[in-house]
Amino acid sequence: MSEIRRDRIHNEYVLIAPERLRRPDLHAKIQRPKGLKSKCPFCEGNESLTPKELYAIRDNEPNKTGWKTRVIPNLYKAVQVELEDTSLRDGLFEYIPGVGAHEILIDSPCHDCDIQNLKAEAIENWLRSMIIRIEDLKKDRRLIYLSIFKNHGASAGSTQDHPHTQIIALPMTPQSEQNFLEQNMRYYRRHGRGKIEDIVYNEIEAKKRIIHNEGNFVAFCPFASAYPFEIMIAPKKNITSLQMCSRDDVASLSECIKVVFRKLHIQLGNFEYNMYFALPPINSNFENESYIPYLEKNYRFIIRIIPKIYSLGGFEMSTNMAINPVSPEESAVLLNSKD
């Protein structure tokens, strides 16, 4: 039986429709031929094929072999740090030059190692590299919001086989995040708690959608999952942003991520996916200044993992309402069945 569920985070509705599993294209895969490692600019030994690194975990000199993670400017950047962030108008048409930063975090030297193949220590290095870049980009007061995400596979938007993560810093807050800050503040004033805090509490109480518990983090298939096998990882206490994690928290989060990807890989095989970190603003401006003082009390960062099992259609695009053919309860049962 179909159900329409409300997504409390994004204030949208999701249609859970198991009958859609009969669609013939649901499990269609788009296979892309692997690129040659000898020509991969992200592989160890090909450092000369990329711009000079911004940061790396290594014990030797920059831009040489011997690194564990590496951060470089994106050659095909969407925004540029050299521009000015002055707002311009032409009648009703307002625009800002594309000021910002666009960086590539090369997850590891291994060309064929996705997250489930990495050791926990390598995932820790990956997370710590993000934290270093967040702290550095935060120093530029023009930069307000960070988008950190992974596209894995052609259907997820990836054009480079070697596992990597993108970091984009913007001079404004995206409207969806601005809406969440406003709704979260209203919720906090009414309940004395943030939305994510109550969602995590209720998911833990319900138990049936939990995938894994590790230290201060829990992974679960959200009640209003928009996609089959969608997983959210969230702190069980108020950890506002990734850079607020202690060393123990980073270790626990690394193990949690590894377990989640192992379970997804067992169930889905070598699947394609999008993954992103939902983080609070890194600096204050006129849009968010009223929310900044309360972030430590009502905001928790989350990680969202979205396997790309089938393509969106006209209904989803016209209504901004997802149809999910696999209920989160069933997804959780399947993901936990091989433990």
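Keep in mind the model is a prediction, meaning the values are calculated, not measured.
- With hydrogens and angles ignored, the 3.5 Å screen pairs no side-chain donor or acceptor of S2 with any backbone N or O of A17.
- Taking CG of L242 as the reference point, atom CD1 of I134 lies at 4.5 Å (rounded to 0.5 Å).
- The shortest side-chain heavy-atom distance between R247 and R128 falls under the 4.5 Å cut-off.
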Run the numbers on N298 and Y291 for side chain to side chain donor-acceptor pair (under 3.5 Å), then give the verdict.
CA-CA 10 Å; N298 66 20; Y291 310 120; over 6 Å; no
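- Between the side chains of R141 and S284, no donor-acceptor pair is found at a separation under 3.5 Å.
- Between F180 and Y299, the ring planes lie perpendicular to each other; the angle is over 60°, past the 30° to 60° tilted range.
- Taken together through direct or relayed side-chain contacts under 4.5 Å among Ile, Leu, Val, Met, Phe, Trp and Tyr, L253 and L279 form part of one hydrophobic cluster.
- In the hydrophobic cluster analysis, where Ile, Leu, Val, Met, Phe, Trp and Tyr join through side-chain heavy atoms closer than 4.5 angstrom, V250 is grouped together with M244.
- To the nearest 0.5 Å, atoms CG (L143) and CD1 (I168) are separated by 12.0 Å.
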Going through the distances and angles, do F229 and Q267 end up as a side chain to side chain contact (heavy atoms under 4.5 Å, CB included)?
CA-CA 9 Å; F229 299 96; Q267 193 60 229; 3.9 Å; yes
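- Looking at K258, its side chain never comes within 3.5 Å of a backbone N or O of A120 through a donor-acceptor pair.
- With respect to the salt-bridge test (charged N to carboxylate O, under 4.0 angstrom), the residues E230 and R304 qualify.
- Side-chain N/O atoms of E121 and N125 include no donor and acceptor closer than 3.5 Å.
- The backbone N or O of N63 sits less than 3.5 Å from a side-chain atom of E53, completing a donor-acceptor pair.
- The two atoms that bring D249 and F217 nearest to each other are O-CE1, 3.4 Å, heavy atoms only.
- Environment of CZ in F149: crowded, with over 12 heavy atoms of neighbouring residues, nucleotides or ligands closer than 6.0 Å.
- Side chain to side chain, N288 and Q178 fail the donor-acceptor criterion of an N or O pair below 3.5 Å.
- At least 2.5 Å separates the SG atom of C43 from that of C40.
- For H164, the ring-ring contact (aromatic ring centres under 6.0 Å, His included) partners two or more places apart in sequence, or in a different chain, are F42.
- Interatomic distance, NE2 of H102 versus CD of Q80, reported as 11.5 Å (0.5 Å rounding).
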For side chain to side chain donor-acceptor pair (under 3.5 Å), just list the numbers for N179 and Q183, CA-CA rounded to whole Å, side-chain angles, deciding distance to a tenth of an Å, and then say yes or no.
CA-CA 6 Å; N179 291 342; Q183 294 158 15; 5.4 Å; no
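- Taken from CG in L334 to CD1 in I266, the straight-line distance is 12.5 Å, to the nearest 0.5 Å.
- A donor-acceptor contact shorter than 3.5 Å is absent between the side chain of N74 and the backbone of I104.
- Scanning all heavy atoms of the two residues, the minimum distance from L264 to P307 falls at CD2-CG, 4.2 Å.
- Between the side chain of R300 and the backbone N or O of K195, no donor-acceptor pair lies under 3.5 Å.
- Side-chain atoms of V326 and S331, non-hydrogen and from C-beta on, do get closer than 4.5 Å to each other.
- Nearest heavy atom pair, residue E203 against residue I210, reads O-CD1, 3.6 Å.
- Considering all non-hydrogen atoms of both residues, S241 and Q243 come closest at OG-OE1, 2.6 Å.
- Aromatic pair F261/Y273: centroids less than 6.0 angstrom apart.
- A side-chain donor from one of W126 and T165 sits under 3.5 Å from a side-chain acceptor of the other.
- When side chains are defined from C-beta on, C110 does not count as touching N117, because their heavy atoms never get closer than 4.5 Å.
- The number of heavy-atom neighbours closer than 6.0 Å to CG of N60, taken from other residues, nucleotides and ligands shown, is above 12.
- In terms of modelled atom types and a separation under 3.5 Å, the side chain of N216 and the main chain of P235 share no donor-acceptor contact.
- Side-chain contact between N336 and H212: absent, with no pair of heavy atoms (C-beta onward) separated by less than 4.5 Å.
- Ion pairing between a basic and an acidic side chain is recognised when a charged N comes within 4.0 Å of a carboxylate O; D107 and K150 show such pairing.
- Summarising the geometry of R209 relative to A332, their closest heavy-atom pair is CA-CB, 3.7 Å, with the distance given to 0.1 Å.
- The nearest pair of heavy atoms linking A224 to R5 is CB-CB, 4.1 Å.
- The line from CD1 of I123 to OG1 of T69 is 13.0 Å long, rounded to the nearest 0.5 Å.
- Within the 4.5 Å cutoff, the side chain of S147 has no heavy atoms near those of the I167 side chain.
- At least one donor-acceptor pair closer than 3.5 Å links the side chain of E44 to the backbone N or O of G66.
- For E296, the CD atom counts as loosely surrounded, since its 6.0 Å shell holds 12 or fewer non-hydrogen atoms of other residues, nucleotides or ligands.
- I148 is not listed as a side-chain neighbour of L105, based on a closest heavy-atom distance of 4.5 Å or more.
- Applying the side-chain contact (heavy atoms from CB on, under 4.5 Å) criterion to S327, with sequence neighbours excluded, gives I16, E329, E330.
- When atom types are taken as modelled, the side chain of K236 and the backbone of G215 share a donor-acceptor pair closer than 3.5 angstrom.
- Using a 4.5 Å cut-off between side-chain heavy atoms of Ile, Leu, Val, Met, Phe, Trp and Tyr, with links allowed through other members, L118 and I57 fall into the same hydrophobic cluster.
- For the residue pair E272 and S155, a side-chain donor N or O sits within less than 3.5 Å of a side-chain acceptor on the partner.
- At distances below 3.5 Å, at least one donor-acceptor pair connects side-chain atoms of E47 with backbone N or O atoms of G45.
- I303 and V260 fall within a single hydrophobic cluster, where Ile, Leu, Val, Met, Phe, Trp and Tyr are joined by side-chain heavy atoms under 4.5 Å apart, directly or via other members.
- Hydrophobic clustering keeps I9 apart from Y276 (ILVMFWY residues linked when any side-chain heavy atoms are closer than 4.5 Å, directly or through intermediates).
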Any chance you could lay out the side chain to side chain contact (heavy atoms under 4.5 Å, CB included) test for I211 and V259, step after step, and finish with the verdict?
CA-CA 9 Å; I211 303 302; V259 169; 5.9 Å; no
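- A distance of 10.0 Å separates CD in E124 from CD1 in I131, rounded to the nearest 0.5 Å.
- Atom CZ of F315 has more than 12 heavy atoms from other residues, nucleotides or ligands within 6.0 Å.
- Proximity of a side-chain donor or acceptor of N274 to a complementary backbone N or O of H152 within less than 3.5 Å is not detected.
- Taking the side chain as every heavy atom from C-beta outward, M232 and V218 never approach each other to under 4.5 Å.
- When side chains are defined from C-beta on, I257 counts as touching I233, because their heavy atoms get closer than 4.5 Å.
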Going through the distances and angles, do V333 and K208 end up as a side chain to side chain contact (heavy atoms under 4.5 Å, CB included)?
CA-CA 8 Å; V333 168; K208 56 187 175 182; over 6 Å; no
